[in-house]
Structures are given as C-alpha cells and as structure tokens.
Amino acid sequence: FPSHDNTIGYTSFQPDIADRNNGGIFLETGFGMYWGLNKVYIYENLFRYIASPIQFTLWNNMAINDIYIHTNIFNGLGHTGAALTQNLLIFIRVDNPLTGLTVDNLNVLNNTVYAVGATATYGIYLLYGTITNLTIRNNIFQGFTNYPIYTNTSIDTLSIENNIFYSNGTNAPYHGITPTHNTTQNNLTSNPAYTTPGSDFSLQAGSPAIAAGIGVGLNLDYAGNAWNATPSIGAYEYGSSPPGPPGLPEVTTTAITIYN
C-alpha cells in the first residue's frame with residue numbers, strides 16, 4: 001500500500017474528536033481476518049490540521065511488517081477542543097482481545113512534524129504488541145504537550161537517532177517498559193529555524209538541522225531534491241524550496257480508510 005503526494009486534512013483546525021471525521025490515513029483489519037498489514041509506504045504527503053494523521057487498527061494475533069513513513073510534512077496536529085490522547089501523530093491500536101499483535105520493521109524517517117496551534121498530546125504512541133526493529137531517525141518533532149515519542153510495550157532493537165525534539169512538554173522519548181538493544185543518541189533540542197514556521201518548513205542558514213542527520217537510504221527530499229551525503233534533519237534538505245501545489249487532487253474532507 002503506497003500513499004504519496006497527497007494533501008490530507010483541512011484548511012484550519014476542527015473541533016471534532018480524533019475519529020475518521022478528523023483523521024488522516026486509517027489502516028484497519030477486522031475480526032475474522034487473519035492477515036495483517038505489510039509493506040506500507042506513506043511518503044511525501046502534506047498532512048494539515050488533523051487530530052490523528054496515521055492510525056493502524058488491528059485485531060488479535062495479527063502482524064504489521066515493513067512500514068515506511070518518510071519525508072512527510074505534518075503541519076498542525078490536534079483540534080480545538082479539550083485534550084484527548086487520540087491526538088497523536090502515529091498510533092497503533094488493537095481492538096479486543098488485546099493479544100498476539102506483532103510489529104516488525106517500522107521506520108519513521110525525515111519527517112517534519114509541527115504540532116503547534118492546537119492541542120496535540122503525543123507524537124508516536126505505541127502501547128500494544130511486541131515490537132522489533134523500530135527506527136526513528138532524522139525527524140523534527142515540535143509542539144506536543146507531552147512526549148514526542150511514548151512507548152509502553154515490549155520493544156527489541158530500537159533506534160532513535162539524529163532527531164530534533166523542540167518545544168514539547170518533554171523533549172525526550174518516554175518508555176514505560178525499557179527497550180532491549182536501545183540506541184538513542186545524537187538527538188537535539190534546538191530550534192530547527194524554519195524559513196517561516198507554520199508555512200515554509202525549509203531550513204534557514206545556520207539551522208541546527210543542516211547536515212545533522214544520518215544516512216537512511218532515501219533519495220529525494222520533500223521538494224524532489226537529492227539528499228546530501230550527510231543529510232539534514234526533517235523533510236527538506238538545506239537549499240530546497242517548497243514545491244508548488246500538487247498536481248493531484250487534494251483530499252480535504254474525510255480520511256483515507258483501508259480495510260484489509
């Protein structure tokens with residue numbers, strides 16, 4: 001399942017709770033289906049003014065494998081009502097019974113996340129299943145009222161490297177259960193210095209994100225320009241300009257829901 005080059009969301013924050021009426025991409029498998037979600041690629045999208053941009057919902061004994069979420073811009077995350085834990089960047093949930101879920105090879109790479117202007121509680125929010133090979137690199141997380149990354153489940157082989165955590169409630173990940181083989185390093189807490197915060201997320205000269213990333217095998221940034229050998233953090237390589245409006249129709253009124 002590929003999803004790319006879309007504009008998903010609204011032109012302003014909505015008062016709705018984080019449901020399909022105020023969400024982005026929902027990938028869901030239901031009761032009686034015994035396969036999971038495999039080879040999902042979500043990249044080069046603009047998500048704007050959405051409470052819950054990406055959500056995976058599965059039944060028991062299912063698997064999520066080979067998920068790549070990269071080079072997206074999340075501009076505005078949350079809603080104008082009271083704080084809800086559903087205001088999350090990436091959320092993996094399980095419908096009852098809560099058993100048997102496995103997640104392997106989940107990659108979140110070179111995304112720009114600007115959760116400013118409304119109530120957004122957590123960024124990546126992982127509570128369920130057994131997770132192996134979780135990689136979170138080269139992202140900018142800004143504006144969450146609590147943690148940019150929150151986990152409370154079993155994780156083996158975790159990489160949280162070369163991200164910027166700025167102006168969040170706590171500028172660090174939280175783990176309710178200590179991961180095994182955890183590499184968390186080279187993360188910054190400086191202002192990323194966007195050209196125009198809230199509209200132009202390219203990097204100003206002197207931004208701490210410039211050449212502060214780690215190679216992750218991506219070819220092009222959000223504007224379609226090549227990454228440098230040592231890439232910048234976020235969705236733009238330094239020197240890129242924001243692209244013009246996408247040629248494809250915008251998705252602005254409802255969520256994309258995939259039932260497997």
Side-chain angles (χ1 to χ4, degrees), residues 2-14 22-25 40-55 67-79 87-91 107-118 120 122-124 136-144 148-149 162-168 191-204 207-210 212-213 216 218-227 231-252 255-256:
S3 176
H4 59 91
D5 298 289
N6 300 294
T7 298
I8 302 172
Y10 300 88
T11 57
S12 63
F13 287 109
Q14 303 297 301
N22 194 1
I25 295 176
V40 175
Y41 300 86
I42 300 172
Y43 62 96
E44 296 174 12
N45 298 288
L46 170 61
F47 296 84
R48 62 187 186 188
Y49 307 114
I50 306 178
S52 183
I54 300 173
Q55 186 171 136
I67 309 297
Y68 294 85
I69 300 169
H70 69 82
T71 330
N72 299 284
I73 293 178
F74 300 86
N75 182 15
L77 197 157
H79 64 83
N87 289 343
L88 311 165
L89 173 67
I90 299 169
F91 180 34
N107 303 274
V108 183
L109 312 168
N110 280 97
N111 298 283
T112 293
V113 186
Y114 188 75
V116 175
Y122 298 98
I124 298 172
I136 304 169
R137 295 176 174 171
N138 298 350
N139 305 280
I140 302 174
F141 297 89
Q142 178 179 349
F144 292 98
I149 300 169
N162 298 74
N163 300 283
I164 292 179
F165 304 124
Y166 174 68
S167 193
N168 303 286
N191 188 332
Y194 299 124
T195 298
T196 308
S199 60
D200 181 352
F201 296 99
S202 60
L203 303 173
Q204 296 185 43
S207 166
I210 297 171
V216 293
L218 300 178
N219 294 319
L220 302 177
D221 74 352
Y222 184 80
N225 296 307
W227 293 103
S232 295
I233 297 174
Y236 285 109
E237 183 54 88
Y238 176 61
S240 289
S241 298
L248 297 175
E250 294 188 355
V251 179
T252 58
I256 297 174

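- Closest non-hydrogen pair, Ser232 versus Glu237, comes out as OG-OE2, 2.5 Å.
- Using a 4.5 Å heavy-atom cutoff, the side chains of Leu77 and Pro53 are in contact.
- Side-chain N or O atoms of Asp200 include one that pairs as donor or acceptor with a backbone N or O of Ser202 at under 3.5 Å.
- The OH atom of Tyr122 sits 13.5 Å away from the CD1 atom of Ile149 when rounded to the nearest 0.5 Å.
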### Task
Apply side chain to side chain contact (heavy atoms under 4.5 Å, CB included) to the pair Tyr43 and Leu220, showing each step before the final yes or no.
CA-CA 11 Å; Tyr43 62 96; Leu220 302 177; over 6 Å; no

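- Annotation for Gln142 and Pro192: closest pair OE1-CG, 4.0 Å, computed over non-hydrogen atoms.
- A pairwise comparison of heavy atoms in Ala212 and Asn162 identifies O-ND2, 2.9 Å as the closest pair.
- Of the residues listed (Thr112, Asn163, Asn111), the one engaging Phe141 in a side chain to side chain contact (heavy atoms under 4.5 Å, CB included) is Asn163, and it is the only one.
- Across Tyr194, Phe165, Phe201, a single residue satisfies side chain to side chain contact (heavy atoms under 4.5 Å, CB included) together with Ile140, and that is Tyr194.
- Atom CZ of residue Arg48 and atom CD1 of residue Ile8 lie 10.5 Å apart, to the nearest 0.5 angstrom.
- One distance of note links CG of Leu218 with CG of Leu109; it measures 5.5 Å at 0.5 Å rounding.
- No side-chain heavy atom of Asn110 sits less than 4.5 Å from a side-chain heavy atom of Asp221.
- You'll find the side chain of Val113 stays beyond 4.5 Å of the side chain of Asn139, heavy atoms only.
- Inter-residue side-chain proximity for Asn72 and His4 is flagged as unmet; no heavy-atom pair is nearer than 4.5 Å.
- Residues Glu44 and Asp5 meet the side-chain proximity criterion, which asks for heavy atoms closer than 4.5 Å.
- When side chains are defined from C-beta on, Ile73 counts as touching Tyr236, because their heavy atoms get closer than 4.5 Å.
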### Query
Could you go step by step and tell me if Ile233 and Arg137 meet the side chain to side chain contact (heavy atoms under 4.5 Å, CB included) rule?
CA-CA 8 Å; Ile233 297 174; Arg137 295 176 174 171; over 6 Å; no

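- What you find for Asn75 and Gly198 is that their closest heavy atoms are ND2-O, 2.9 Å.
- For the pair Asn138/Pro231, a side-chain contact is recorded, criterion being any heavy-atom separation below 4.5 Å from C-beta on.
- Across every non-hydrogen atom of Pro197 and Tyr114, the tightest pair is CB-OH, 3.7 Å.
- When all heavy atoms are compared, the tightest approach of Ser207 to Leu203 is OG-CD2, 3.8 Å.
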